[in-house]
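Got a structure for you, questions after.
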Amino acid sequence: MERTKIFELLNSDDSMEQVLIKGWVRTRRDSKGFSFIEINDGSSLKNIQVVADEKLPNYADVKQLSTGSAIAVGGSLVASQGGGQRWEIQADDVQIIHLAPEDYQLQKKRHTDEFLRTIAHLRPRTNKYGAAFRIRSELAYGIHTFFRERGFRYLHSPILTGSDCEGAGELFRVTTLDLSKPPLKEGKADYAQDFFGTEANLTVSGQLSAEMFALALGDVYTFGPTFRAENSNTRRHAAEFWMVEPEMAFCDLDGNMDLGEELIRELTTYAIDNCADDLELFARWVDKTLMATLENIAQSDYIRLPYREAVDILGQSGKKFEYPVGFGNDLQTEHERFLTEEHFKKPVIVYDYPKSIKPFYMRVNDDGETVGAMDVLVPRIGEIIGGSQREERLEVLEARMEEMKMDKAPMWWYLDARRYGSVPHSGFGLGFERFLMMITGIRNIRDVIPFPRTPQNIEF
RNA sequence: UCCCCAGUAGCUCAGUAGGCAGAGCAGGUGGCUGUUAACCACCGGGUCCGCGGUUCGAGUCCGUGCUGGGGAGCCA
């Protein structure tokens, strides 16, 4: 007999004669003549209640069932005689698959997130983390749905890369050299003898690859892991995270902002529509204002604010900021928070940043001072999207690279794209974990990644 | 990397003025009961983060290290 997922049973319209469920005991309560066992199999936030009668041949063993134990229950789905649940399983047969000993760490009570991080291998068995990772799964699917409906192609950009040209932070070196005695050349490690014959790293962005494919397939997106070796110790940073990076040919900055706004709005709607049960947990226990926040994000038009105007608003705000505001200074966290949380109270897209604070590939505007960059800022999280229109003019791009003292030689292929059929194109990166934080109200990025990697921590 | 806070039972925490190590939950045993954060009674459980110092005496004060958290920088 095949097992039925608990999610299906709880949503059943009718009682059922013969069902088999398998799952883990969340809690058990004894009564005179029978025992109530709450089982969860991960298919849903909700448990199903099993009624195990003392007439079961192994009832003595059933009474020993502890939290965390794995069991299989055969029986019938019947309307519950007690309050609190519609259906329950009247057990004909309870098989103990594995008995969890008394030192099982997850108790029938709330644990702190900090403690659960120390048992990251067990935390998905809790209500909160089960919900978080079901939502993560649903939204990953939602992202593919969003792009597919719009004719985008899914690109698998490389994880290993030889280019260090994006300047998007510190890189993780990849090598097969023996670090205790690497081959030396002029006192330095000789990467010519390394696996790839040159220095290699983990990717910090799929953007450059995506640009090449946008100029072939039109509209593409990548969705995969990204690595930054920054020594960042904050609740918003991880060394390994997932990023969504669309790239569109024949698209300017306005079109780019349109897509970014639409993506956030649609994905938020997708979460509200498809993750109602799991979201309710977060609205109840994590952030009371969550649903109102999500409705606001899903329904409002976002503010579009040129960087110069953002600087003016901050300058005239009368607020004392720790960091000075002025053209040429990047917006600091305190500035972003003021704009999204206090001034506009909704997502804000800041665009046309000074070129001095942005990377080489962003398209120089006609004023010669700014580039077609855009950041989407949301309350509480801060920057959730960073993107730009890319510089498609070969001479301008080369001039910028020279200005920034970059070596053009290894970038020959990137420049080639500007030699043959170059067109305006744009794209951005969405931090998937930051998006999940926004959707769930979870405050620490380590709690929306199955096994988070941060400085000094790669356990599990 | 910088600034701030914390570390006491399996978990969450209290510990007063420097003077015998505590509670709730969890676990064990028994009882009661269509229960549902079940309830009642009893029981077991400690490297007070490590090292050093002050003191007759340190969980408590001082120094230092480690770990965790928050904020900032960097960024998604």
Side-chain angles (χ1 to χ4, degrees), chain A residues 26-39 46-53 63-64 66-68 78-85 88 90 100-119 126-127 166-170 204-207 223 225-245 260 285 321-323 330-337 357-359 375-378 381-387 428-438 443-449 454-457 459:
Chain A
R26 279 296 175 80
T27 180
R28 190 177 53 80
R29 294 175 290 269
D30 290 327
S31 194
K32 189 177 176 66
F34 40 85
S35 186
F36 296 103
I37 315 168
E38 281 200 37
I39 309 290
K46 297 194 178 82
N47 308 323
I48 197 161
Q49 176 166 284
V50 170
V51 181
D53 194 89
K63 294 230 335 176
Q64 298 302 308
S66 51
T67 300
V78 297
S80 178
Q81 295 172 36
Q85 60 278 318
E88 65 190 15
Q90 185 67 49
E102 65 204 42
D103 60 353
Y104 182 60
Q105 292 266 64
L106 287 176
Q107 301 171 0
K108 299 181 281 190
K109 61 173 228 171
R110 294 181 72 189
H111 288 292
T112 60
D113 294 329
E114 290 79 8
F115 171 68
L116 291 170
R117 271 172 224 149
T118 69
I119 50 168
T126 64
N127 289 339
E166 222 217 308
E170 296 293 314
V204 292
S205 166
Q207 179 197 322
F223 181 24
T226 308
F227 307 88
R228 304 272 168 91
E230 295 286 352
N231 188 18
S232 295
N233 293 287
T234 82
R235 63 189 180 83
R236 308 187 299 284
H237 291 88
E240 178 183 63
F241 62 100
W242 281 57
M243 193 153 61
V244 183
E245 295 181 282
W285 299 106
F321 292 112
E322 190 182 340
Y323 290 87
D330 208 352
L331 296 183
Q332 302 296 318
T333 299
E334 57 177 346
H335 306 139
E336 295 177 355
R337 292 190 64 158
I357 58 173
K358 289 294 181 184
D375 285 353
V376 181
L377 314 174
V378 294
I381 310 298
E383 183 181 342
I384 200 165
I385 279 179
F428 60 80
L430 167 79
F432 186 48
E433 283 79 11
R434 288 192 182 172
F435 186 76
L436 288 169
M437 290 166 72
M438 187 192 84
R443 289 166 185 281
N444 196 310
I445 198 168
R446 297 174 184 94
D447 299 333
V448 294
I449 306 179
T454 52
Q456 299 298 310
N457 185 7
E459 199 168 24

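Protein chains get the first letters and strands the later ones, always in sequence-line order, with residue 1 at the start of each.
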Check your understanding: Please give, in whole Å, the distance from B:rG73 C1' to A:His335 NE2?
Key ->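 Result: 13 Å.
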
Check your understanding: Within the structure shown, what part of the strands sits under 4.0 Å from A:Ser66 by heavy-atom distance: base, sugar-phosphate, or nothing?
Key ->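 The answer is nothing, as A:Ser66 stays clear of every strand by at least 4.0 Å.
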
Review point. Looking at B:rC74, does its base get a donor-acceptor pair with the side chain of A:Ser232 below 3.5 Å?
Key: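 It does, because a donor-acceptor pair links the side chain of A:Ser232 to the base of B:rC74 below 3.5 Å.
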
Review point. Please give, in whole Å, the distance from B:rA26 C1' to A:Arg29 CZ?
Key: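 For the pair A:Arg29 CZ and B:rA26 C1', the rounded distance is 16 Å.
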
Point to revise | Identified pairing partner of B:rA58, criterion: Watson-Crick or G-U wobble below 3.5 Å | key: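 For B:rA58, the partner nucleotide comes out as none, under the 3.5 Å rule.
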
Point to revise | Opposite nucleotide pairing with B:rC11, Watson-Crick or G-U, both atom distances under 3.5 Å | key: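 With both distances under 3.5 Å, B:rC11 matches B:rG24.
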
Check your understanding: A:Glu170 CD to B:rA76 P: how many Å, rounded?
Key ->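 Value for this atom pair: 14 Å.
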
Practice item. Classify the side chain of A:Glu102 and the base of B:rG27 as holding, or not holding, a donor-acceptor pair under 3.5 Å. Key: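 When only heavy-atom distances are counted, A:Glu102 does not reach the base of B:rG27 through any donor-acceptor pair under 3.5 Å.
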
**Study point:** Watson-Crick or G-U counterpart of B:rA72, or none if no pair lies under 3.5 Å
**Key:**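 Result: B:rU1.
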
Point to revise | B:rG70 OP1/OP2 closer than 4.0 Å to side-chain N/O of A:Arg235 | key: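 No, outside the criterion.
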
Exercise for review: Please state the C1' separation for the pair B:rU8 and B:rU67 - nearest whole angstrom.
Suggested key: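 Going atom to atom, C1' in each nucleotide, I get 15 Å.
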
Exercise for review: Could you work out which one of B:rC74, B:rU1, B:rU35 sits closest to the side chain of A:His237?
Suggested key: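 It is B:rC74.
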
Practice item. Would you give the length of the straight line joining atom CG of A:Asn231 to atom CD of A:Gln456, rounded to the nearest 0.5 angstrom? Key: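 Atom-to-atom, A:Asn231:CG and A:Gln456:CD are 8.0 Å apart.
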
Point to revise | 5′-ward residue of the pair A:Phe34/A:Thr112 relative to RNA chain B | key: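 Its nearest nucleotide lies further toward 5', so the answer is A:Thr112.
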
Review point. For atom P, what is the distance between B:rC39 and B:rG24, given to the nearest Å?
Key: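 So the two P atoms sit 13 Å from each other.
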
Practice item. Under a 3.5 Å limit for both distances, which nucleotide forms a Watson-Crick or G-U wobble pair with B:rA17, could you say? Key: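 Partner of B:rA17: none.
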
Practice item. May I ask you to decide if A:Asp447's main-chain N or O and A:Arg117's side chain share a donor-acceptor pair within less than 3.5 Å? Key: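 Between the backbone of A:Asp447 and the side chain of A:Arg117 there is no qualifying donor-acceptor contact (under 3.5 Å).
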
Check your understanding: Considering every strand shown, what is the Watson-Crick or G-U wobble mate of B:rC39 when both distances are under 3.5 Å?
Key ->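 Base-paired to B:rG31.
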
Check your understanding: Between B:rG71, B:rU35, B:rG73, which one does the side chain of A:Gln85 approach most closely?
Key ->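 Nearest to the side-chain atoms of A:Gln85, counting from C-beta on, is B:rU35.
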
**Study point:** B:rG70 phosphate, OP1 or OP2, under 4.0 Å from A:Asn444 side-chain N/O
**Key:**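 A:Asn444 to B:rG70 OP1/OP2: side-chain N or O found under 4.0 Å.
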
**Study point:** C1' spacing across the pair B:rG45 / B:rC32, given as an integer number of angstrom
**Key:**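 The answer is 27 Å between these two C1' atoms.
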
**Study point:** Nucleotide nearest A:Ile445 when distance is taken to its side chain, options B:rA76, B:rG73, B:rU1
**Key:**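 The nucleotide sitting nearest to the side chain is B:rA76.
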
Review point. Starting at NZ of A:Lys63 and ending at C1' of B:rC32, how long is that distance when rounded to a whole Å?
Key: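 After rounding, the gap between these two atoms is 11 Å.
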
Check your understanding: Got a donor-acceptor contact below 3.5 angstrom from the A:Glu88 side chain to the A:Val78 backbone?
Key ->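 Between the backbone of A:Val78 and the side chain of A:Glu88 there is no qualifying donor-acceptor contact (under 3.5 Å).
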
**Study point:** Counter-base of B:rU47, judged by Watson-Crick or G-U geometry with both distances under 3.5 Å
**Key:**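 Across all strands, not a single nucleotide pairs with B:rU47.
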
Point to revise | B:rA9 to B:rU47 separation - C1' atoms, rounded to the nearest Å | key: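 Roughly 13 Å separates the two C1' atoms.
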
Point to revise | Distance, P atom - from B:rG73 to B:rA17, rounded to whole angstrom | key: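 Per the computed distance, 39 Å lies between those P atoms.
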
**Study point:** 5' precedence on RNA chain B between A:Ile384 and A:Gln107 (nearest-nucleotide basis)
**Key:**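 Nearer the 5' end of the strand: A:Gln107.
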
Review point. If we take the C1' atom in both B:rG28 and B:rA21, what is their distance in whole Å?
Key: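 Their C1' atoms lie roughly 22 Å apart.
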
Point to revise | Opposite nucleotide pairing with B:rU67, Watson-Crick or G-U, both atom distances under 3.5 Å | key: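 Per the H-bond distance test, B:rA6.
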
Practice item. Would you mind telling me which of B:rG69, B:rG34, B:rC74 lies closest to the side-chain atoms of A:Lys32? Key: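 When the side chain of A:Lys32 is considered, B:rG34 is the closest of B:rG69, B:rG34, B:rC74.
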
Point to revise | Closest listed nucleotide, where the reference is the side chain of A:Arg446 and the choices are B:rA72, B:rG70, B:rA76 | key: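 In terms of side-chain proximity for A:Arg446, the closest of B:rA72, B:rG70, B:rA76 is B:rG70.
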
Review point. A:Leu106 CG to B:rG10 P: how many Å, rounded?
Key: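 Going from A:Leu106 (CG) to B:rG10 (P), I get 16 Å.
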
Practice item. Would you indicate what A:Gln64 reaches in the nucleic acid, counting non-hydrogen atoms under 4.0 angstrom: base, sugar-phosphate, or nothing? Key: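 Since no nucleic acid heavy atom lies under 4.0 Å of A:Gln64, the category is nothing.
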
Exercise for review: Take the angle between the ring planes of A:Phe36 and A:Phe34 and call it parallel below 30°, perpendicular above 60°, tilted in between.
Suggested key: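 Because their plane-to-plane angle is over 60°, the rings of A:Phe36 and A:Phe34 count as perpendicular.
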
Exercise for review: Any chance you could measure A:Gln64, atom CD, to A:Ser35, atom OG, to the nearest 0.5 Å?
Suggested key: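 Rounded to the nearest 0.5 Å, the CD-OG separation comes to 10.5 Å.
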
Exercise for review: Please measure how far the P atom in B:rU29 lies from the corresponding atom in B:rG63, and state the result in whole Å.
Suggested key: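 These two P atoms come out 49 Å apart once rounded.
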
Review point. Quick one: is B:rA72 close enough that its OP1 or OP2 comes under 4.0 Å of any side-chain N or O from A:Arg236?
Key: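 Answer is yes, contact under 4.0 Å.
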
Check your understanding: Can you tell which of B:rA76, B:rG34, B:rC11 lies closest to the side chain of A:His111?
Key ->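 Of the candidates, B:rC11 comes closest.
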
Exercise for review: Provide, to the nearest angstrom, the distance between the CD atom belonging to A:Glu38 and the C1' atom belonging to B:rA37.
Suggested key: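 Going from A:Glu38 (CD) to B:rA37 (C1'), I get 10 Å.
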
Review point. Checking all strands, does A:Gln49 fall into the base, sugar-phosphate, or nothing category for heavy-atom contacts under 4.0 angstrom?
Key: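 The residue A:Gln49 makes base contact.
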
Check your understanding: Would you call A:Glu383-A:Arg434 a salt bridge at under 4.0 Å N-O?
Key ->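 Salt bridge flag = no for A:Arg434 with A:Glu383.
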
Review point. Please give, in whole Å, the distance from B:rG10 C1' to A:Leu116 CG?
Key: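 Distance check: A:Leu116 CG to B:rG10 C1' gives 13 Å.
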
Check your understanding: Atom CZ of A:Phe115 and atom P of B:rG69: how far apart are they, to the nearest Å?
Key ->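 Taking CZ of A:Phe115 and P of B:rG69, I get 14 Å after rounding.
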
Check your understanding: If we take the P atom in both B:rG70 and B:rU60, what is their distance in whole Å?
Key ->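 Pairwise P distance, B:rG70 against B:rU60, rounds to 26 Å.
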
Practice item. For the pair A:Glu245 (side chain) and A:Gly429 (backbone), establish whether a donor and an acceptor sit closer than 3.5 Å, ignoring hydrogens and angles. Key: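 Answer holds: no.
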
Check your understanding: Short question: side chain of A:His335, backbone of A:Phe321 - any donor-acceptor pair under 3.5 Å?
Key ->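 No: the side chain of A:His335 does not pair with the backbone of A:Phe321.
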
Review point. Does A:Thr226 place a side-chain N or O at less than 4.0 Å from the phosphate oxygens OP1/OP2 of B:rA76?
Key: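 No, outside the criterion.
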
